[in-house]
Each structure stands twice: as structure tokens, then as C-alpha cells.
Undergrad: 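Here it is, the structure in full.
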There are 2 protein chains.
Amino acid sequence: MQNSLIHHIKQFISLEPSDIDKLESCLEISKIKKKEHILKEGQICNTMYFVVKGCMRQYIINPKGAEQTLQFGIENWWITDYLSYHNHIPSNFYLQAIENSEVIAIDKTVLESLLIEIPNLERYFRIVMQKSFGAMQMRIKFLFTMSAEERYHHFNDHFPEFVQRVPQYMLASYLDFSAEFMSKIRAGKV
Amino acid sequence: MQNSLIHHIKQFISLEPSDIDKLESCLEISKIKKKEHILKEGQICNTMYFVVKGCMRQYIINPKGAEQTLQFGIENWWITDYLSYHNHIPSNFYLQAIENSEVIAIDKTVLESLLIEIPNLERYFRIVMQKSFGAMQMRIKFLFTMSAEERYHHFNDHFPEFVQRVPQYMLASYLDFSAEFMSKIRAGKV
DNA sequence: TCAAAAACTTGAACTACTTCAAGAAATTCA
DNA sequence: TGAATTTCTTGAAGTAGTTCAAGTTTTTGA
């Protein structure tokens, strides 16, 4: 079974066999147990994570002390704190596994040299980032224009399998409403 | 005076003189009058816009018929609908000048061939997109954790000159509250 | 320069959500 | 397996915002 990251990359660019060798020599899968953190607030994030299997989340602890999930990362998604990664500053976020997961962790220095050795890889990341940014623009649109109930139904319609996969209270905070309100939406009590 | 886009690119990567020539032959500045649209909902967005001078915004018309500003683009920012651009699908957004502006419009086909001719340009866009995505992650954090009043003060503290530059009602909708509420915040009546 | 248009303000009534508290159900793992 | 933990539910009370409508101020452009 081929490395799933290489498979993902090939969907966007073509790779020479020698490039694949280089990549494979740098990549290894690490297992992250459910609830384990790969980044905590205040740490500098020097790593990009590609989710091979399982599910990760990015969250914060808000001023009231409650956890708030800002992003999920499932199979074939990259997850990191891009600002901390890019500017080498302490992170605002936690990154945590919400299922037993497998990720490919690429250290910034390793990635920098890979990008120099395989220039075409810049193209891959450019495309992936543009797609992610586009998705984020749509997310802002949904947050701004839909009611809590509409956001829940919209998400549920588009990602029904995913809704089964994560605790409701995490999905509620991702959609920016309270767990209690989620319960009432689901019960039709709104 | 050098093309401000080339100046911007040079902050991230180095360019051969021949690359600069290639670039300059492809780029021209076009003037957009205040209130003029460069993209409307339903159109396919085939162009990326680099703001040389002035200010653009991305907005939608929400289900109640009101305009809602989702993003601003000032000098040295790229603005486009990335999802429409990337997937060649109709846009959800409007792109409009809110000051008399000058932009460099790069057509997708032109950009694609530039990226092939100047591979290093992929790196530039990859970096710019990663920075933008990081900024978007922070924006989600602020939207999720701060009250309307906190968002206003936070924005005002960080971008005081910009606050002077755009109509308050546009800023209010960008910060996700009503123009009337903005008025009350400013008057200290909350 | 001044009429029209755009932007801002105000208060009163309303509402979509939050918070709290407590119990019930489901899941985990020793 | 069953005790502990995590997750979900419910209702009552509260609140951070919206909406509406009308008036005022500022800006624009012929």
C-alpha cells in the first residue's frame, strides 16, 4: 500500500520516481492516541501534519475556560497552526487527536529542503493552500449568513458520516453555538 | 517607480532579471472606479487581482437582501474568489472597489503559464497563501471568542488608519454585527 | 455650490441565542 | 462487567445582539 500522502500529491502534480524516493525517505507515519496533543497553546509550531487516518482538531480555550473547536482535520487534510509555523511565534491553538490517528509529521526544516529538492512540491502546496483558503471563504460566508439551525442542517446534509464521527459538543462549537442549543436543534425544540 | 507587485514578490523570493522582464510584459495596471465591480455573483472568476492602490472588498447579498462584507483587500493584497477561480464554478461573491483603485489583474491562463515559466513564482504564491490562511485562522478565533464590542476595539487598535478609510457599516458587517450596533459601541451606549 | 445621495445615530421592541443546573444516557477501560 | 467518565438532554432565566423607523449629519458630483 502506497504512502497516502504521495497518493494525494499525485492528484495535483506529477512526481519523478526519484522524487518519490526522496519523499519516502523523509516521511514516516506516527501514531497519535485519542486525546493526545501534538501542539499546545504557547508552543511554537514547527511541523505540518498530514492526516493519514483518524481525525484531529484545532481548538482553543476561550476566556471563560471552555474549549472551542475551530477546525477538524480528517484523512488527506493538512493541519497545523500556519501563523505559528510561518512566523515562528507561539501558537494560539491546541492540536489534538479526537480518534486514534496516524499522521505524517513533516518538520519545517525537512520540508524546506524537500521544497528545494523537489520544486514541483511548491506547486502542490500552493494548490492545496488555495483550495483551503477558498473553503475558508465559504465557511465565513456560512457563519455570517446562516442561523445556528441552518448551519447545523447544512453541515449535516453535506457531511452526514462526519457528524456521526465526532462528539456533538465539538461540532456545536465548530459551528459556533452551544452544545445545549445543538441538542435542542436536534430534538426539533427550537 | 517599480511595479509594486514585483516589489512584493521580491520580499519572498529572488527573481532573475529575465523573470522580471517576463513578468513586466504580462502585467498591466488597470484602474477601477469606486463602486465598480470586478466580479458579480454567478460569474466565474478567472482572474486574480493584486491591489496596487486603493481598496477593494468581497461581499455577498444575504437572504434578507442586505450587503455583507466578508473581506477587504488593500495595497499589496491579493483578492479573488479562490473557489470559483480554482474549480471554475460560478461565484458566490461580489468583488467591488470601495475607493478609486488600481489593480493588477492576472488572468488564470496567463498566470498558469507564468508559473510554468518562472517556477519560483509557485513558491511566492505558496507562501502568500499560507500567510493568508494563517490570518484567516486567527480571524475565526476572534469571531468565535470576542464579543462585538471586543472585536471592534481589537480591530480599531490594530488598524486605526484603516478604520478611517472605510464606511462604518461595511466594517460592522465585516466584524459580523449590525451598523446600528456599531454606532452604539462607538457612542459608548452598550 | 447646493441638491441628492450616502452614511451615521438613536431608542424601543424583539429574538436567537447563552448560561446554569441537574439529571439521563452512552461510552470507556481496569 | 460495572464503576467512572464522558456526552447528551431539558427547562427556566437572562442577554448580547438585531430590527425597525425616523431623524441627523456628511459626502458626492453635476
Side-chain angles (χ1 to χ4, degrees), chain A residues 33-37 54-55 57 59-69 72 96-101 142-156 162-190, chain B residues 32-37 54-55 57 59 61-69 72 96-101 142-156 162-190:
Chain A
K33 283 227 180 82
K34 185 171 175 172
K35 294 199 182 168
E36 195 178 320
H37 285 91
C55 186
R57 68 165 175 153
Y59 72 95
I60 50 165
I61 304 211
N62 71 20
K64 285 169 197 152
E67 289 179 6
Q68 208 148 356
T69 299
F72 294 106
Q96 183 194 44
I98 57 181
E99 296 173 0
N100 291 327
S101 300
F142 295 141
L143 284 169
F144 276 32
T145 58
M146 292 179 175
S147 68
E149 195 179 358
E150 287 167 339
R151 294 199 298 280
Y152 171 71
H153 289 307
H154 183 263
F155 194 89
N156 206 28
F162 185 74
V163 173
Q164 302 306 317
R165 223 171 134 175
V166 296
Q168 279 174 42
Y169 72 91
M170 285 188 196
L171 183 55
S173 74
Y174 174 80
L175 295 174
D176 203 20
F177 48 77
S178 68
E180 293 90 336
F181 198 62
M182 168 82 110
S183 231
K184 285 161 197 172
I185 292 170
R186 287 163 51 92
K189 293 185 181 168
V190 302
Chain B
I32 318 285
K33 283 229 181 78
K34 185 172 175 172
K35 296 198 182 167
E36 195 178 320
H37 286 90
C55 186
R57 66 164 176 156
Y59 72 95
I61 303 211
N62 71 20
K64 285 169 196 151
E67 289 179 6
Q68 209 149 354
T69 298
F72 294 106
Q96 182 195 45
I98 57 181
E99 296 173 0
N100 291 327
S101 301
F142 295 140
L143 284 170
F144 276 32
T145 59
M146 291 179 175
S147 68
E149 196 180 357
E150 287 167 338
R151 293 199 298 279
Y152 172 72
H153 289 308
H154 183 264
F155 194 90
N156 206 28
F162 184 74
V163 173
Q164 302 306 316
R165 222 171 134 176
V166 295
Q168 281 174 42
Y169 72 92
M170 285 187 196
L171 184 54
S173 73
Y174 174 80
L175 295 173
D176 202 20
F177 48 78
S178 68
E180 293 90 338
F181 198 63
M182 168 81 110
S183 233
K184 285 161 197 173
I185 291 171
R186 289 163 52 92
K189 292 185 183 171
V190 302

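Each chain gets a letter, A, B and so on, in the order the sequences are listed, and its residues count up from 1.
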Undergrad: Do B:Gln96 and B:Ile32 come within less than 4.5 Å of each other through their side chains, counting heavy atoms only?
TA: no

Undergrad: Applying a 4.0 Å non-hydrogen cut-off, can you work out what B:Phe177 is touching in the nucleic acid: base, sugar-phosphate, or nothing?
TA: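 Since only primed, P, OP1 and OP2 atoms lie under 4.0 Å of B:Phe177, the category is sugar-phosphate.
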
Undergrad: May I ask you to evaluate whether B:Lys184 reaches the phosphate of C:dT10, defined as a side-chain N or O under 4.0 Å from OP1 or OP2?
TA: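 False: B:Lys184 side-chain N/O out of range (4.0 Å or more) of C:dT10 OP1/OP2.
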
Undergrad: Taking all non-hydrogen atoms of both residues into account, name the closest pair between A:Cys55 and A:Ser101 and its distance.
TA: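 Distance-wise, the nearest heavy atoms are N-OG, 3.0 Å.
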
Undergrad: Taking any atom under 4.0 angstrom from a heavy atom of chain B, which nucleotides of DNA chain D are the first and last to qualify, 5' to 3'?
TA: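 Going 5' to 3' along DNA chain D, contacts run D:dG17 to D:dT28.
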
Undergrad: CD of B:Gln164 versus C1' of C:dC8: gap in Å, rounded?
TA: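 Interatomic distance, CD of B:Gln164 to C1' of C:dC8: 14 Å.
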
Undergrad: If I compare all heavy atoms of B:Ser178 with all of B:Ala172, which pair ends up nearest, and what's the gap?
TA: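 Looking at all heavy atoms of both residues, the shortest contact is O-CB, 3.8 Å.
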
Undergrad: Restricting to nitrogen or oxygen on both sides, can you table the protein-nucleotides 21-28 of chain C pairs closer than 3.5 Å?
TA:
from	atom 1	to	atom 2	distance (Å)
C:dT28	OP1	A:Lys34	NZ	3.4

Undergrad: For the pair made of NZ in A:Lys189 and C1' in C:dA16, what is the distance, rounded to whole Å?
TA: 18 Å

Undergrad: Would you say C:dA6 has OP1 or OP2 under 4.0 Å from some side-chain N or O of B:Lys35?
TA: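 The answer is yes; a side-chain N or O of B:Lys35 sits under 4.0 Å from OP1 or OP2.
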
Undergrad: Just so I know, are the side chains of A:Asn62 and B:Phe144 near enough to count as touching, which here means a heavy-atom distance under 4.5 Å?
TA: no

Undergrad: Answer whether the closest heavy-atom distance between the side chains of A:Arg186 and A:Tyr152 falls below 4.5 Å.
TA: yes

Undergrad: For B:Val190 and B:Glu149, work out which heavy atoms get closest and say how close.
TA: CG2-OE1, 3.4 Å

Undergrad: Going by heavy atoms in the side chains, are B:Ile185 and B:Phe177 under 4.5 Å from each other?
TA: yes

Undergrad: Got a second to check how far A:Leu143's CG is from B:Leu143's CG, nearest 0.5 Å?
TA: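 Going from CG on A:Leu143 over to CG on B:Leu143, the span is 7.5 Å.
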
Undergrad: Would B:Tyr169 and B:Thr69 count as a side chain to side chain contact (heavy atoms under 4.5 Å, CB included) here? Give the steps.
TA: CA-CA 9 Å; B:Tyr169 72 92; B:Thr69 298; over 6 Å; no

Undergrad: Report the end-to-end axis angle of the helix from C:dT1-D:dA30 to C:dA30-D:dT1; each axis comes from five terminal pairs, and the value is rounded to 10°.
TA: 60°

Undergrad: For residues 166-175 of chain B, which residues have at least one heavy atom under 4.0 Å from DNA chain C?
TA: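 Under 4.0 Å from DNA chain C: B:Pro167, B:Gln168, B:Tyr169.
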
Undergrad: Using atom CG of B:Asp176 as one end and atom C1' of C:dA16 as the other, report the distance to the nearest whole Å.
TA: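 These atoms are roughly 13 Å apart.
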
Undergrad: Between C:dG11 atom C1' and B:Phe181 atom CZ, what is the distance in whole Å?
TA: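 Those two atoms, CZ and C1', are 14 Å apart.
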
Undergrad: Where is the tightest heavy-atom contact between B:Leu175 and B:Arg151, given as atom of each residue plus distance?
TA: O-NE, 2.8 Å

Undergrad: For B:Arg165, check salt bridge (charged side-chain N to carboxylate O under 4.0 Å, His left out) against everything at least two apart and list the hits.
TA: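 For B:Arg165, the residues satisfying salt bridge (charged side-chain N to carboxylate O under 4.0 Å, His left out) (neighbours in sequence not counted) are B:Glu75, B:Glu99.
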
Undergrad: Which residues satisfy the ring-ring contact (aromatic ring centres under 6.0 Å, His included) test with B:Phe142, sequence neighbours excluded?
TA: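 Residues passing ring-ring contact (aromatic ring centres under 6.0 Å, His included) with B:Phe142: B:His154.
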
Undergrad: Test B:Phe72 against B:Arg57 for side chain to side chain contact (heavy atoms under 4.5 Å, CB included), laying out the working first.
TA: CA-CA 4 Å; B:Phe72 294 106; B:Arg57 66 164 176 156; 4.0 Å; yes

